[in-house]
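Comments concern the structure below.
Chain letters run A, B, ... following the sequence lines, proteins first, then strands; residues in each count from 1.
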There are 2 protein chains.
Amino acid sequence: MATAAGVRPRGAGRAQLHEVALRLFARDGVEGTSLQDIADDMGVSKAAIYYHYKTKDELVLGVIAPLVDQLCEIVRDARQYRGRQARVEAVINGMVRLALDSHSWFTVVLVDPYVVRLLPELPGLRQAWDQLGEQVIGPDGDNLMAVALLVFVTGLAGSISKPPLDALDNAQLRGYLTECGRRLLKVRRRSAPHAG
Amino acid sequence: MATAAGVRPRGAGRAQLHEVALRLFARDGVEGTSLQDIADDMGVSKAAIYYHYKTKDELVLGVIAPLVDQLCEIVRDARQYRGRQARVEAVINGMVRLALDSHSWFTVVLVDPYVVRLLPELPGLRQAWDQLGEQVIGPDGDNLMAVALLVFVTGLAGSISKPPLDALDNAQLRGYLTECGRRLLKVRRRSAPHAG
DNA sequence: GTCTATAGAAGGATAGAC
DNA sequence: GTCTATCCTTCTATAGAC
């Protein structure tokens, strides 16, 4: 009735399902979240979920799929700039914003082993990630930059969900995380790291 | 018979159990690893595991407990140096070595939601972590350093387990990860991050 | 789009033999 | 220290009513 009368927007049920599932996946892990947990949180029955998705795997994929668009937008934005340093800066800003706005996506995709196993079924995500890597690493395939990028994004995912950072307000945290990105991804003139 | 004759060292069964469990926990997550999975990998029955630990939770705690000693040793080592920069350097080297030598521990403890929920039952780990933080962050409680440390260690945990880094040999990877630590945890003279 | 009821598999845990 | 057999719970998934 709600859908027919238009009281709820079309697909509100699915949107709420996505929201709840993502939140619980990020908190307890995908394997640690049963469909019963999700149904309880939504206040519906388990079977209601199966109306939207035939299997749990498809639910997981449906939940994380929107992340691809977010990554593509960061890549599009970065490409508007000329020069590696400017593009790197754009990637840093985009990733920090994404991590703060959608930290659940971040955590689930980068951290959850269940999701990692499913990733081959989302080739768009892999592709978006590769394009993002190109902006930072450059065409010469700088290994240090590749490592630093990985440390940065997984560090973002891991750190934002940890308690000691809850005390900081969002603006402060954004500043600190951005500074971390700048330090890690500073473009070098020559290929030797200044060995200590 | 093996134990009585001394063919196998004492506690070899338990040591193998730890090794197998940790490896599977790191690969599939704790919730994604059943006692059956562990038993199959060891070539024994599920019930054999219950001889060593009464519950799965105790198994998990038993597996990650040795990490506490590793962290304490890093703290002890760092304290031998005078001056923050030298101590920070010692922490970086210790954490990189630990991440490379025992990346499974790292991944499981920093990444797995099931383990995070159990951590309050390992107060020694929390204590060791706090002491390690003191070496890096300093007595003034520098927020940027606190964030950078968290990004660094979770970045270590997240990056070493990802495929693109498998191509690098260990010495190279160690150099890159150490450089990441130096960049992130460079001690500042004054308290303002050089805002861009 | 949501429900109840249930099938079928897998998980944690225990008992008791060897 | 390991085994087989078993118990109970929870999980994914399906069938069919409303």
Side-chain angles (χ1 to χ4, degrees), chain A residues 1-22 24-25 27-64 108 112-115 117-118 121, chain B residues 1-22 24-25 27-64 108 112-115 117-118 121:
Chain A
M1 196 183 293
T3 44
V7 174
R8 289 194 306 177
R10 185 164 47 169
R14 180 169 295 223
Q16 191 204 1
L17 170 57
H18 282 183
E19 184 264 310
V20 169
L22 183 59
L24 296 185
F25 287 164
R27 196 189 62 185
D28 302 325
V30 173
E31 300 252 22
T33 304
S34 70
L35 298 180
Q36 188 69 65
D37 293 332
I38 299 171
D40 289 349
D41 193 289
M42 292 177 69
V44 299
S45 87
K46 205 173 40 167
I49 298 176
Y50 281 97
Y51 170 79
H52 296 287
Y53 291 100
K54 277 201 298 290
T55 67
K56 187 180 181 181
D57 280 9
E58 288 184 21
L59 168 62
V60 173
L61 288 173
V63 164
I64 63 179
V108 169
D112 199 291
Y114 191 98
V115 173
R117 233 170 32 202
L118 284 181
E121 306 196 32
Chain B
M1 198 181 294
T3 44
V7 174
R8 288 193 306 178
R10 184 165 46 170
R14 181 168 295 221
Q16 192 204 0
L17 170 57
H18 282 185
E19 182 263 310
V20 169
L22 183 59
L24 296 185
F25 287 163
R27 196 189 61 184
D28 301 326
V30 173
E31 300 252 23
T33 304
S34 70
L35 299 179
Q36 190 68 64
D37 293 333
I38 298 171
D40 288 348
D41 195 287
M42 293 177 70
V44 300
S45 85
K46 204 171 45 165
I49 298 176
Y50 282 96
Y51 170 79
H52 296 286
Y53 291 100
K54 277 200 299 288
T55 67
K56 186 180 181 181
D57 280 10
E58 288 183 20
L59 168 62
V60 173
L61 288 172
V63 163
I64 63 179
V108 169
D112 198 292
Y114 191 99
V115 173
R117 233 171 29 201
L118 284 181
E121 305 196 33

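One atom, CG of D40(A), and another, C1' of dT10(D), lie 12 Å apart when rounded to the nearest Å. When the P atom of dC11(D) is taken as reference, atom CG of D28(A) falls 12 Å away, rounded to whole Å. With rounding to whole Å, E58(A) atom CD is found 13 Å from dT12(D) atom C1'. Distance I49(A) CD1 to dT12(D) P: 9 Å, rounded to the nearest Å. Between L59(A) atom CG and dC11(D) atom P there is a gap of 15 Å when expressed in whole angstrom units. If you take CZ of R14(A) and C1' of dT2(C), they are 15 Å apart, rounded to a whole angstrom.
Screening residues 45-59 of chain B for salt bridge (Lys or Arg N to Asp or Glu O under 4.0 Å) gives no qualifying pairs among residues at least two apart or on separate chains. The salt bridge (Lys or Arg N to Asp or Glu O under 4.0 Å) pairs that include a residue from residues 35-44 of chain B are R23(B)-D41(B), where partners are two or more places apart or lie in different chains.
Of all non-hydrogen atoms in P113(A) and R27(B), the two that sit nearest each other are CB-O, 3.5 Å.
Partners of V115(B) by side-chain contact (heavy atoms from CB on, under 4.5 Å), not counting sequence neighbours, listed by chain and number: V30(B), V60(B), I64(B), V108(B), D112(B), L119(B). Remark: Y50(A) engages no residue in a side chain to side chain donor-acceptor pair (under 3.5 Å) (not counting sequence neighbours). A search for salt bridge (Lys or Arg N to Asp or Glu O under 4.0 Å) contacts involving R117(B) returns E31(B), not counting sequence neighbours.
Within the structure, a side-chain polar atom (N or O) of S45(B) is placed less than 4.0 Å from OP1 or OP2 of dC3(D).
Among the nucleotides dT2(D), dT4(D), dC3(C), the one closest to any side-chain atom of V44(B) is dT2(D).
Residue-to-nucleotide proximity on DNA chain D shows that, of A47(A) and Y51(B), the 5′-proximal contact is made by Y51(B).
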Protein-nucleotides 11-13 of chain C N/O pairs closer than 3.5 Å?
residue: dG11(C); atom: OP1; partner: S34(B); partner atom: OG; Å: 3.3
residue: dG12(C); atom: OP1; partner: K56(B); partner atom: NZ; Å: 2.9
residue: dG12(C); atom: OP2; partner: L35(B); partner atom: N; Å: 2.9
residue: dG12(C); atom: N7; partner: K46(B); partner atom: NZ; Å: 3.1
residue: dG12(C); atom: O6; partner: K46(B); partner atom: NZ; Å: 3.4
residue: dA13(C); atom: OP2; partner: Y50(B); partner atom: OH; Å: 3.4
residue: dA13(C); atom: OP2; partner: K56(B); partner atom: N; Å: 2.8
residue: dA13(C); atom: N6; partner: K46(B); partner atom: NZ; Å: 3.4

